[in-house]
Amino acid sequence: MSDHDQSLWRKTCQEHVESTSLSADLTVDLAVIGGGYTGCAAALTAARAGASVCLLEAQEIGHGGSGRNVGLVNAGLWLPPEDIRGYLGANAGDRLIDLLAAAPSAVFDLINQHGIACDPVRKGTLHCAHSTAGSRNLQTRYAQLTASGAPVKLLSAEQARQRTGSAAFHEALFDPRAGTIQPLAYVRGLARCATEVGAQVFTNSPVQSLKHTAGVWELKTSSGTIRAKSVMQATNAYHQHLQASAPAYVPVYYFQYSTGPLSDNLRASLLPGGEGAWDTGLIMTSFRMDSQGRLIIGAMGDLGHVGSGAHSAWIRRKMTALYPQLADQALVEGWHGRIAMTSDHLPKITRIGPNALSVHGFSGRGIGPGTVFGRMMAESLLANDPALLPVPIVSSHRESWAGLRRAYFETGAALTHLIKARFGP
């Protein structure tokens, strides 16, 4: 594991799940591949319903994007409502919009029900306009969201300054449904809760082969075999082995840095209402506070790439442009993770065989949607009822030129950050 895989969240996580690698042969109702939000939510749902379930994770729980993201619990997807309806149609689109409008409630309800120690703060989020074009984007989103029943508010430049503590923004869109969490603690808490209701969770157990024989699925690891009636694959951007069912996506890296805990005076001047925030820039910036008063700020980019120096130089300049009072504060932690991006920014559920489904492509919105998709996919597989799924199954999904597009995004982010680090944020 590289230095940039060691996130602040790993060092501050208060949740722990007891697990070992698979070392026996088991027979279960549902086998789940992948220990992120989607897989852990599915395992918890299935076990609570009385099914026998095992989860197989190649590394440790939350090793992938679930343990490395910003921790914003948002409602909905990146797409505004009209785009979702345009891709899915009115009925399926409205259903997904309604399901994901309630996604933050699903997350915070699980946290409250199970006492998950993940620093939950449900004070909303702020989508901040970095330019006049950004303001137009927010105004469009505001009109579509309110028409769909969302309780969002469009804030003026002065209101945005008061809420963020920064004078950098033209407007902001406030969503009171949303909030922030310690993301790794949440996913480990889900896994812990799943084991408490009977799920078997195995870590350091990569699935090396998956086949359907005589009406039963066989999942083989190096030291054991699982036989299952149903299979759910939720590996997203950290898929290993199993090339026949590998998800197609464009990998996009996102990095974050954090300060140390700030003084009370400094802490009070940044996001005093407790919201999480991100801006409308093409190379987006996110920023939030954690429970110990650290500012966490991030953007698109790979800290293991040759352009990592541009990313780190730019993020420091960006921090001080947003908050000049932090000019003498060091950035003491830096980490990154991968996002599985689809061309239309919609998650994909594909069928990989009889009573076996795969899901991927949350495009940076994994916490709420991942939790909802995991729950509903488990319910659908146990009942053998596709109507219970949050989106229709697609027969297959392909992404053209994924490798070139990944290089394009990373090179563009590095060049943007290099130029802005030298000449302005």
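Just so it is clear, the values below take in all heavy atoms, side chains as well, and ignore hydrogens, waters and symmetry mates.
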* Asked: Which heavy atom of Lys123 sits nearest a heavy atom of Glu275, and at what distance?
  ->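 That closest heavy-atom pairing would be O-CG, 3.3 Å.
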* Which atoms form the tightest heavy-atom contact between Ser7 and Gly67, and what is the distance? -> OG-O, 3.3 Å
* Asked: How many angstroms lie between CG in Leu357 and CD1 in Ile393, if you round to the nearest 0.5 Å?
  -> 5.0 Å
* Would you give the length of the straight line joining atom CG of Leu219 to atom OG of Ser205, rounded to the nearest 0.5 angstrom? => 11.5 Å
* To do: Determine, step by step, whether Asn204 and Thr20 satisfy the side chain to side chain contact (heavy atoms under 4.5 Å, CB included) criterion, reporting the C-alpha distance in whole Å, the side-chain angles of both residues, the deciding distance to 0.1 Å, and the verdict.
  => CA-CA 7 Å; Asn204 299 302; Thr20 62; over 6 Å; no
* Result of checking Arg68, Lys11, Arg10 against Glu333 for salt bridge (Lys or Arg N to Asp or Glu O under 4.0 Å) ->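 Single pass found, and it is Lys11.
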* Carefully, step by step, assess Cys40 and Leu55 under the rule side chain to side chain contact (heavy atoms under 4.5 Å, CB included). => CA-CA 8 Å; Cys40 290; Leu55 183 150; 4.1 Å; yes
* Does NZ or CZ of Arg161 lie under 6.0 Å from the centre of the six-membered ring of Phe169, at an angle within 45° of the ring axis? ->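 Relative to the ring axis of Phe169, which defines the angle, Arg161 lies outside at least one limit.
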* Asked: Taking the six-membered ring of Tyr254, is NZ or CZ of Arg338 closer than 6.0 Å to its centre and within 45° of its axis?
  -> no
* Mutual orientation of the aromatic rings belonging to Trp278 and His127 [parallel < 30°, tilted 30-60°, perpendicular > 60°] ->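 Geometry flag for His127 against Trp278: parallel rings.
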* To do: Could you walk me through whether Thr203 and Gln59 pass the side chain to side chain contact (heavy atoms under 4.5 Å, CB included) test, one step at a time?
  => CA-CA 6 Å; Thr203 52; Gln59 304 287 336; over 6 Å; no
* Asked: Would you call Glu60 and Arg188 a salt bridge, using N to O less than 4.0 angstrom?
  ->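 So Glu60 pairs with Arg188 through a salt bridge.
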* Scan side-chain atoms only and decide if Asn137 and Arg141 contain a donor-acceptor pair under the 3.5 Å cut-off. =>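 Side-chain D/A pair, Asn137 to Arg141: present.
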* If we ignore angles and hydrogens, is there a donor and acceptor under 3.5 Å between the side chains of Thr371 and Tyr186? ->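 Distance-only check passes for Thr371 and Tyr186.
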* **Ser363 and Tyr249: CA distance, side-chain angles, deciding distance, side-chain hydrogen bond (donor to acceptor under 3.5 Å, both in side chains) verdict** => CA-CA 9 Å; Ser363 298; Tyr249 61 90; over 6 Å; no
* Structure fact -> Arg177 meets the salt bridge (charged side-chain N to carboxylate O under 4.0 Å, His left out) criterion, sequence neighbours left out, with Asp175
* To do: Check step by step if ring-ring contact (aromatic ring centres under 6.0 Å, His included) holds for Phe362 and Tyr37.
  => CA-CA 11 Å; Phe362 294 105; Tyr37 302 124; 9.1 Å; no
* Pick from Asn69, Val73, Val187: which one makes a side-chain contact (heavy atoms from CB on, under 4.5 Å) with Ile181? -> Val73
